[in-house]
Asker: 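After the structure tokens below, expect a handful of questions from me.
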There are 2 protein chains.
Amino acid sequence: MTPKNYDCAAGCPVEATLDLIDGKWKGVILYHLCDGTMRFNQLRKALAGITQRMLTKQLRELEECGLIVRKVYAQVPPKVEYTLSAEGDSLRPVITALATWGQARLARVNADNAAVSAAAVERDAAEGADPYALHAA
Amino acid sequence: MTPKNYDCAAGCPVEATLDLIDGKWKGVILYHLCDGTMRFNQLRKALAGITQRMLTKQLRELEECGLIVRKVYAQVPPKVEYTLSAEGDSLRPVITALATWGQARLARVNADNAAVSAAAVERDAAEGADPYALHAA
DNA sequence: CTGTATCCCGGATGATACTG
DNA sequence: CAGTATCATCCGGGATACAG
């Protein structure tokens, strides 16, 4: 996964982790796999919006990283299950941390856009920048 | 940034968080800011390899997200300090989780490539794929 | 059902030069 | 010191069609 060669001073363990769960879907895939084994189409539905191509690709990368295990059942129609590997399982606390914070963040953003403005104000106070809305797209 | 519009089934708090720390450097920048306030060039050195352009850009995005605060001192030569905002500070546990796991991961990969092979074997046992080394670059 | 194979585009990232 | 401006590039990711 696009290995980095620059040395990040005291080492970048954060970078090491982020490199594995980058991509537009890896993190979410892992998140879903935390709930247990899932089949290809099951994941596809869970990640509504992802294309087959990408799902396959991300899954393969996750597999190469040793984070998930791909189990193919020799039968027709095909059946493939994806599960967290031991390594992937050890990632649970990280995923959880990501999820927990994300939930709080989402709640904050949805419930109170004023808070965002407040942040902008705080910034203005420091430098006198112009107050433009945050990615309120 | 790059807001997502698809709905990820039961909601994707993980995605929400990851969106904020995506980019090739955001996570690491945040990581370094966990150690305290830093100036532009200080960060530049810490992230050896990043270009001015990118550092500026990532910093601006982080600022717009409300994760960091940019403080400009009206003096010459210029002096700009970046610090975690309250919001950014709340992200500490996440960054820590990322760092902690990353350290273990790095140790695992460096100390024992055999372990990686083992994972490949485990995978092979399930489907009969070819055993190629992991990004052992 | 679970993938592959192609084609293609836009944005993310880099290199370099210039500036208040 | 801390940026901006510009140009060039790479590749992540989407659309679509086909396959075992």
Asker: Can you identify which nucleotide, out of D:dG3, D:dA2, C:dG14, has its nearest atom closest to the B:T56 side chain?
Answerer: D:dG3
Asker: Taking atom types as modelled, is there a side-chain donor on B:E81 or B:Y73 under 3.5 Å from an acceptor on the other?
Answerer: yes
Asker: Can a side chain N or O of B:Q58 be found less than 4.0 Å away from OP1 or OP2 on C:dT13?
Answerer: yes
Asker: Can you tell me if the side-chain N/O atoms of B:Y82 get under 4.0 Å from OP1 or OP2 in D:dC1?
Answerer: no
Asker: Does B:K57 make a side-chain N or O approach to OP1 or OP2 of D:dG3 shorter than 4.0 Å?
Answerer: no
Asker: Here's a test for you: under side-chain contact (heavy atoms from CB on, under 4.5 Å), which of B:I21, B:L20, B:D22 qualifies with B:L18?
Answerer: B:I21
Asker: For the pair made of CH2 in A:W25 and P in D:dG13, what is the distance, rounded to whole Å?
Answerer: 9 Å
Asker: If you look at every strand shown and take non-hydrogen atoms under 4.0 Å, does B:P78 touch a base, only sugar-phosphate, or nothing?
Answerer: base
Asker: What integer distance in Å separates B:M38:CE from D:dA2:P?
Answerer: 12 Å
Asker: Return the nearest nucleotide to the side chain of B:K24; candidates are C:dT13, C:dC1, C:dG3.
Answerer: C:dT13
Asker: Measure CD/A:E63 against P/C:dT2 and give the value in whole Å, please.
Answerer: 15 Å
Asker: Taking CD from B:Q52 and P from D:dA2, how many angstroms apart are they, rounded to a whole number?
Answerer: 10 Å
Asker: Output the rounded distance in Å from CG (B:L55) to P (C:dA12).
Answerer: 17 Å
Asker: I'd like to know if the side chain of B:T17 and the backbone of B:P13 have a donor-acceptor N/O pair within less than 3.5 Å.
Answerer: yes
Asker: D:dT4 P sits how many Å from B:R44 CZ, rounded?
Answerer: 13 Å
Asker: Counting C-beta onward and ignoring hydrogens, is there a side-chain heavy-atom pair between A:V69 and A:Y82 closer than 4.5 Å?
Answerer: no
Asker: Under 4.0 Å between a side-chain nitrogen and a carboxylate oxygen: does that hold for B:K24 and A:E15?
Answerer: no
Asker: Between C1' on D:dA19 and CZ on A:F40, what's the gap in Å once rounded to a whole number?
Answerer: 14 Å
Asker: For D:dT4, take OP1 and OP2 only and decide whether either is under 4.0 Å from a side-chain N or O of B:R60.
Answerer: yes
Asker: Hey, does the side chain of A:R53 come within less than 4.0 Å of D:dA17's phosphate (OP1/OP2), counting only N and O?
Answerer: no
Asker: Nearest-Å distance, CZ (A:R70) to P (C:dC1)?
Answerer: 16 Å
